[in-house]
Amino acid sequence: MTTHLSHEEAAAQSDDLVELRKRAEARLGASAQVDDQSRDPTELLHELRVHQVELELQNDEMRSAHLELRRSRDLYHRLFDLAPVGYLTMDADGTIREINRAAASLLGLDPSALAGRRLSSFMTQEDADALHLHRMDVFSSGERQRCELLIRGAEQGPTPVHLDSVRVDVALSGVAVCRTVMVDLSELRRVNAALEESEQRLQRLAEHIDDVLYLAEGGQLVYVSPGWDAIWGQASSTPVDTGRLWLAAVHADDRERLVKAHSRLRLGEALDEVYRVLRPDGSIRWIRDRARPADDGQLAVGVARDVTAELEVEEELRRAHRMEAVGTLASGVAHDFNNLLMGIIGCLRQARSGELEPGDASNCLRQAEEAALRGSHLVSRLQVFGRSEPVEYEAIELDAAIQSCSRLLEVVLGRTNELEIQVGAAEALVLASQVQVDEVLLNLAANARDAMPEGGRVVIGTGVVKLDESAATARGLARSGRYYRLEFKDTGHGMDERTRRRLFEPFFTTKEVGQGTGLGLSTVFAITGRLGGVIDVRSAPGEGAAFELLFPLCDDSTATCSLSLEPLPRLSGRALLVEDVPLVRLVVRHYLEELGLEVLEADGPEQALRLAQDPRNSIDVLLSDVIMPGASGPALANQIHDCRPELKALFMSAHPRAELTRRGILGERGALIEKPFTQEGLAVALVRLLLPGDSPWSDALRVGR
């Protein structure tokens, strides 16, 4: 192993070898003079040869030392003089003994011109004083010292430098010097300034943008922009604190889904979720949170945006689209309803004429009743479709729901188009709402009608399919299992690949301006997704279109319960009937009396309160309209409760429960029967309200179909 000597050590070793050689030659010369006459020539020759060998060995050592010195000087030149970092050596008074080219260039002179000059001569007095203190600390402490100064070169402006110095004791001479590394800070400060300016721009951007920018590392927030305070309505001191408050504010129904999405984000998947947050003031904001992994998944960069206003506008557009569909339905419903009324009027007149046999008259009355029920069903479906109330999910038979919507579908399709329904999934239950089913079918029908301007045919087919895990994944479904399959086919003009790819985008339409909102099929797509299903379309120009919808089945345990009472029960007791419309009051009184109840009638809240406060009147149940002149039914019930605290109440209304609850008229648990209702429907409601769970009629409870 070759050991490279320092510049001073190599020079010292060379001097020692020269001195050694001189002494050997002197000793050899003296010995020769003394012993030259007395010694044997052979012996003398031998000794001379020995000394010759010694001198040759010494010469070899000197040559090796010189080679090592040359290598040491070359290495010193490469490491010191040609280094990209400034190096210099100073005496205790600051005089420069050595300096490399990098350091000399900072001073604007050649290294040879700087030897013997003081470094402080290139500084202001303030910086020279700082250098003096720095040098004193180096020599007094013997430890490494650092400082930053400004130096002024011969032909250049001030340059910021970083000095890193250490004391070194030179070998042999024992003189202490200060060895210093000098680093130019100009570029570093320029980069830092640019970085600081960039950070300031980013900070200004984050402060003035409405969205929330955030960074997460290892599942923990490390940065959150100020927009969080405005959207969430609260402030926090640290990103970790913000992360805790962020998750706590997420709506309970959305929290688990968001936590799972962020877990997948840490595994490298992108995040795109819409969820609700509850602000401290009680208001709810909708947030769209999008994030992507970065830096090999260790870091996540995200943007959270308040989309409440956007969703409200979108919902308004959807309502407008729904009302557009209602307008289309209205004329067809009016046509059908007029036909029903004509049949009802004709049947009633024949029954009243007295010219018919009792059996024929009874048949006319039965047909009039059936026509009235069909009209009631038609109007109620149109009314439900036109409302924008919160959806209430229940397990329903989609086959039955599709068939019950058939007349509305015929109205939408028009007289020039045929409708064929081929149901094949009887008793298959799907967790949905009739409103959603109607909206899906009517939007598909409207799309088919527009695709068949000269007439055509629509076929609706249903069935049940079983998908394994791979098939479910290929369809984009979350799990394997049994699914309800709905296929909606038309014989229209079809569509090309470009149109098919954009078919479910909101506001995308191939119609002319003013001919449609482009929300119909996007609504179908959104509802299908909410129900846990998927939708696919097959189509080609001139070949029509086939929409396939898959919905997960639910079992009987999720079905809603209803009563089937056959025959109708015989009830006992007395009912207080409050209804301001005489004809309705007459019909309901007749229903109640046929069920076995005695009836006290009141045409409004004032009369009803007098009857209830009369201690001579026994009352077992209050049956009241909800909206009446003077007071509402629930308000009347509260007044009666003061004198009859055990009295149970059943309310009647042509308005849906959701609307009455939203307006604060009826509580969520108030018993309600919606008009129009049949005698059987009234019996069901009364049995639910009045009879205990161990009554014989409780056996009539069954899973609703």
Side-chain angles (χ1 to χ4, degrees), residues 282 380 383-384 387-390 392 560-563 569 571-593 595-695 697-698:
S380 65
Q383 184 185 30
V384 168
R387 293 197 302 259
S388 56
E389 302 296 341
E392 295 183 2
T560 56
C561 293
S562 64
L563 283 172
L571 303 176
S572 61
R574 178 177 289 176
L576 174 57
L577 173 62
V578 190
E579 172 60 62
D580 60 313
V581 180
L583 181 58
V584 176
R585 190 167 66 247
L586 175 65
V587 172
V588 176
R589 174 172 184 156
H590 175 69
Y591 287 169
L592 292 172
E593 289 177 342
L595 291 171
L597 293 171
E598 297 182 25
V599 180
L600 289 176
E601 288 187 61
D603 60 4
E606 185 177 348
Q607 183 183 6
L609 187 59
R610 287 199 304 269
L611 292 172
Q613 291 175 342
D614 189 340
R616 295 172 295 178
N617 295 327
S618 63
I619 303 174
D620 299 293
V621 63
L622 170 68
L623 184 60
S624 173
D625 192 16
V626 174
I627 299 177
M628 299 178 292
S632 68
L636 171 63
N638 289 334
Q639 290 179 300
I640 295 176
H641 186 267
D642 294 337
C643 59
R644 298 178 184 268
E646 301 300 325
L647 185 66
K648 295 182 179 180
L650 174 64
F651 300 107
M652 309 174 291
S653 180
H655 298 280
R657 173 185 292 277
E659 180 181 344
L660 297 173
T661 302
R662 179 177 55 81
R663 293 168 60 183
I665 300 175
L666 180 68
E668 293 184 359
R669 297 186 178 181
L672 176 72
I673 182 170
E674 293 188 16
K675 299 176 183 177
F677 51 82
T678 63
Q679 186 178 31
E680 183 183 20
L682 178 59
V684 168
L686 288 173
V687 167
R688 285 187 182 278
L689 181 68
L690 298 176
L691 298 184
D694 57 354
S695 90
W697 289 107
S698 62

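We number each residue from 1, following the sequence as shown.
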Would you say V684 and I673 make side-chain contact, with heavy atoms under 4.5 Å?
no
Listing, residues 579-587 side-chain donor-acceptor contacts under 3.5 Å, not counting sequence neighbours, or none:
from, atom 1, to, atom 2, distance (Å)
E579, OE1, K675, NZ, 2.8
E579, OE2, V581, N, 3.0
R585, NE, E601, OE1, 3.1
R585, NH1, E579, O, 2.6

Take atom CD of E606 as the centre, draw a 6.0 Å sphere, and report whether it contains more than 12 heavy atoms from other residues, nucleotides or ligands.
no
What's the shortest heavy-atom distance between F651 and P634, and which atoms?
CE2-N, 3.5 Å
Can you find a heavy atom in the side chain of V626 that is under 4.5 Å from one in the side chain of L672?
yes
Quickly, which of V578, L682, L576 forms a side chain to side chain contact (heavy atoms under 4.5 Å, CB included) with L623? Name it, please.
L682
Find out whether L597 and L686 are in side-chain contact, i.e. whether some heavy atom of one side chain is under 4.5 Å from a heavy atom of the other.
yes
For the pair Q607 (side chain) and A602 (backbone), establish whether a donor and an acceptor sit closer than 3.5 Å, ignoring hydrogens and angles.
no
Among N617, V621, L592, which residue meets the side chain to side chain contact (heavy atoms under 4.5 Å, CB included) test with R574?
N617
Testing the basics here: between A612 and I619, what is the closest heavy-atom pair and its distance to 0.1 Å?
CA-CD1, 3.9 Å
Please, which pairs that meet salt bridge (charged side-chain N to carboxylate O under 4.0 Å, His left out) have at least one residue in residues 628-653, sequence neighbours excluded?
none
I627 and L660: side chain to side chain contact (heavy atoms under 4.5 Å, CB included), yes or no, with the steps?
CA-CA 9 Å; I627 299 177; L660 297 173; 4.2 Å; yes
